[in-house]
There are 2 protein chains.
Amino acid sequence: MLNEAVNLESSPGAQAASDRRVRDRGATERAILAAAKGLLSEEGFQNFGINAVARRAGCDKQLIYRYYGGLDGLVEAIGADLGTWVRDRIPEDAGGMFLLTYGDLMERLALLLLDALKNDPLMRRILAWEVSENTEQVRRLSEARSKALALWLDRMRGSLAPPKGVDAAAVNAVVIAAIQHLVLAGAAGGQCAGLSLKTSKDWEKAALALKRLVRGVYG
Amino acid sequence: MLNEAVNLESSPGAQAASDRRVRDRGATERAILAAAKGLLSEEGFQNFGINAVARRAGCDKQLIYRYYGGLDGLVEAIGADLGTWVRDRIPEDAGGMFLLTYGDLMERLALLLLDALKNDPLMRRILAWEVSENTEQVRRLSEARSKALALWLDRMRGSLAPPKGVDAAAVNAVVIAAIQHLVLAGAAGGQCAGLSLKTSKDWEKAALALKRLVRGVYG
DNA sequence: CCCCGCTGTCACCAATCGGTGAGTAGCGGG
DNA sequence: CCCGCTACTCACCGATTGGTGACAGCGGGG
C-alpha cells in the first residue's frame, strides 16, 4: 500500500531513498535540539513530548533517549542553550551608555526587556511553563532562564548603584513581573485586565504606562 | 463508610453497596461541578479532563456529557460560577470607604487583589491557563474571569474619578499584570526575578514595592 | 578480508485519553 | 403491584502517549 512494487525505482518512489538520513550523529543531535526548541516555541509546552519532537526532527524517538537521555536531558540542553540569549542581546555599547540616573537606566531596561520578550516566543513559552507547572523538569529550565535574565540585567546595569531608601530589588522584580505578564497575556489572549494588547499602538500605551510607573519610583 | 450496614452482608462487599450514589441528579451535577473546580484548583489545567473529573466526582464520565454537554460545558459552568467571586469579596463598606484620593484607592485595591489572588488557587490556575493556551475553552473562561475582575474593580472604585494626564486604564492594567504574575510565579516557583516569594515577610516586601509604584504614579 | 560498533528504524508494549452505545437499577405514578 | 421513566454504569472504540528491545546497514580498525 505504501510501497510501490519492488521495482528499480525511477518514479517518486526514489524519494524515499533520497530522503535517507546521512549518518551524522552531530547533525542529528542538532536537528533534535532545533526541533525541540521550535516545537516548544510554536506549540507551547502542552504538546511537548518525545513523540512530537521526534516527529518534527524526522527521526526516531529512540535517538532522543540515546543522545539526550530522554526528554529531561533534552530540556536541560534547551536550558543550556539559553546562555546564548544574553550574549545575543547585549549591545556593544552596553558599558558606554550615557545614562545619568538609575531611573534612566531602569526605564530603558524595562522597555528593552518588554520588546525582547515580545519577540521571543521560546522565552514566552518557557515563562508560561514556569507559572503552570512545578516539576523538576521545568524547575531546571526556569533556573537557566532566570539566570540568563539576571546576567543580562547585570551586564546592562554596569556599575550604576540604585538609590537608597527604596528596595530596588523588590521594585525591579515587580516591574519585571508586570512586563512578563503583559507579554504573556498579550501573546495568549491579546489583552490584559481590559487593556488591548494587539496593535503596536496598544503596546505603546502599555510601554508608556510602564515608563510612568518606573519614573514614579526612581524619578 | 458513611452509612452503616442496614443489610445482611457483613463482608467488605457491602462497602460497594453502602457507597452507592443516591439517585439525585441535582446532587450529582453539583458533585461534578465541585469535582471540576477542586481538580482544577489542586492539579491545574494540565491533567484536567473528562476522565479525571469523573474519577474525582465518583461517577461515570457519561454523566458529564449528559448534564454539561462535555468538558466545554463544564468549563463554562465553572466560568458562570465565577460570578460569585465578586459577591464573595465585596466588603459591605465598599460604598462608605473614606478614601480621599485616587492613589489611596488604587493602593488599597492593589493590595486587596494581591491578597485575594494569593489565597485563591482556582483563580490562579485559571490565570495560568489563560497565558498558556488559547483555545475556545479557555477563552470563555478567561472572559468570565476578567469580567468578574472588572466588575469587582468597578464596585470597589465607586464614583472616584481617576486623575487627568495619566492613562489610568493602562497604568492599572500594568499594575494588575504585575500582581497577577507575582502571584503566579510565587505559587509556582516561590520566586520572581530573583525576589523570593515564600514567607509572609517576602510578600510584605513585594507589597511595599507595589505600593511605592502605585504611589509613584498616583501620588 | 571480516567483524564489531555506532547510527538509525521498526515493532511492540501497557496506559491513558476523549467519546459513544447499550444495558442496568431504582424510584414514582398509575 | 407493575411499568416506565430516568439516573446511572459498563464495555468498548480508535488514537496517542512514554518507553523498550530487537534488528538493519554502513564504516572503520583489527
Side-chain angles (χ1 to χ4, degrees), chain A residues 1-3 6 9 13-36 39-40 43-76 133 135-138, chain B residues 3 6-7 9 13-36 39-40 43-77 133 135-138:
Chain A
M1 189 195 267
L2 290 176
N3 287 342
V6 210
E9 57 264 295
Q15 168 193 357
S18 69
D19 275 357
R20 186 145 224 100
R21 173 172 303 286
V22 280
R23 301 175 130 253
D24 182 343
R25 169 159 178 170
T28 303
E29 283 183 3
R30 266 174 279 128
I32 291 174
L33 185 57
L39 190 66
L40 189 53
E43 308 287 333
F45 60 94
Q46 318 279 1
N47 300 98
F48 185 77
I50 286 279
N51 291 304
V53 171
R55 221 176 296 131
R56 181 184 245 249
C59 71
D60 198 273
K61 55 183 170 184
Q62 175 72 17
L63 299 184
I64 300 178
Y65 287 105
R66 272 222 265 278
Y67 297 157
Y68 290 95
L71 249 200
D72 296 359
L74 185 52
V75 166
E76 206 138 357
E133 223 170 0
T135 61
E136 187 59 31
Q137 223 181 36
V138 68
Chain B
N3 290 338
V6 214
N7 44 19
E9 56 249 0
Q15 168 192 355
S18 67
D19 277 355
R20 187 146 230 100
R21 170 172 305 287
V22 282
R23 301 178 129 254
D24 181 342
R25 168 158 178 168
T28 302
E29 285 182 2
R30 265 174 279 127
I32 291 174
L33 185 56
L39 190 67
L40 189 52
E43 308 286 334
F45 60 94
Q46 318 279 4
N47 300 97
F48 186 76
I50 286 279
N51 292 305
V53 172
R55 220 176 296 133
R56 181 184 245 252
C59 72
D60 198 272
K61 57 184 169 184
Q62 175 72 16
L63 299 184
I64 300 178
Y65 287 105
R66 272 220 259 282
Y67 298 156
Y68 291 95
L71 248 199
D72 297 358
L74 184 53
V75 166
E76 207 138 357
E133 224 170 0
T135 62
E136 188 59 31
Q137 225 181 35
V138 67

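Below, read A as the first sequence line, B as the second, and so on, with proteins coming before strands; counting in each chain starts at 1. Any value given below was found using the heavy atoms of this structure, including those in side chains, with hydrogens, waters and symmetry copies removed.
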What is the distance from CG of A:Leu63 to P of D:dT20, rounded to the nearest Å?
15 Å

Whole angstrom is fine here: how far is it from CZ in A:Arg55 over to C1' in D:dT17?
10 Å

Interatomic distance where OH belongs to B:Tyr68 and P belongs to D:dA7 [whole Å]
13 Å

In chain order, what residues pass the ring-ring contact (aromatic ring centres under 6.0 Å, His included) check against B:Phe45, with sequence neighbours excluded?
B:Trp129

May I have the distance from A:Tyr67 (atom OH) to C:dT9 (atom C1'), rounded to whole angstrom?
12 Å

State, with a plain yes or no, whether a side-chain heavy atom of B:Phe48 is found less than 4.5 Å away from one of B:Glu43.
no

Spacing of A:Asn51 atom CG relative to C:dA11 atom C1', expressed in whole Å:
14 Å

Contact nearer the 5' end of DNA chain C, comparing A:Arg25 with A:Lys61:
A:Arg25

Taking only side-chain nitrogens and oxygens of A:Thr28, does any of them come within less than 4.0 Å of OP1 or OP2 of C:dG8?
yes

Would you find a donor on one side and an acceptor on the other, under 3.5 Å apart, between the side chain of A:Tyr67 and the backbone of A:Arg25?
no

I need the OH-C1' distance between A:Tyr65 and C:dT9, as an integer number of Å.
16 Å

A:Asn47 CG to C:dG18 P, in whole Å, measures 13 Å

What's the closest nucleotide to the side chain of B:Arg23 if the choices are C:dT7, D:dG18, D:dA7?
D:dA7

Output yes when a side-chain donor or acceptor of A:Asp60 lies under 3.5 Å from a complementary backbone atom of A:Leu63, and no otherwise.
no

Nearest-nucleotide wise, let me know which of B:Gly70 and A:Gln62 is further upstream toward the 5' end of DNA chain C.
A:Gln62

Output the rounded distance in Å from CG (A:Asp60) to P (C:dC6).
19 Å

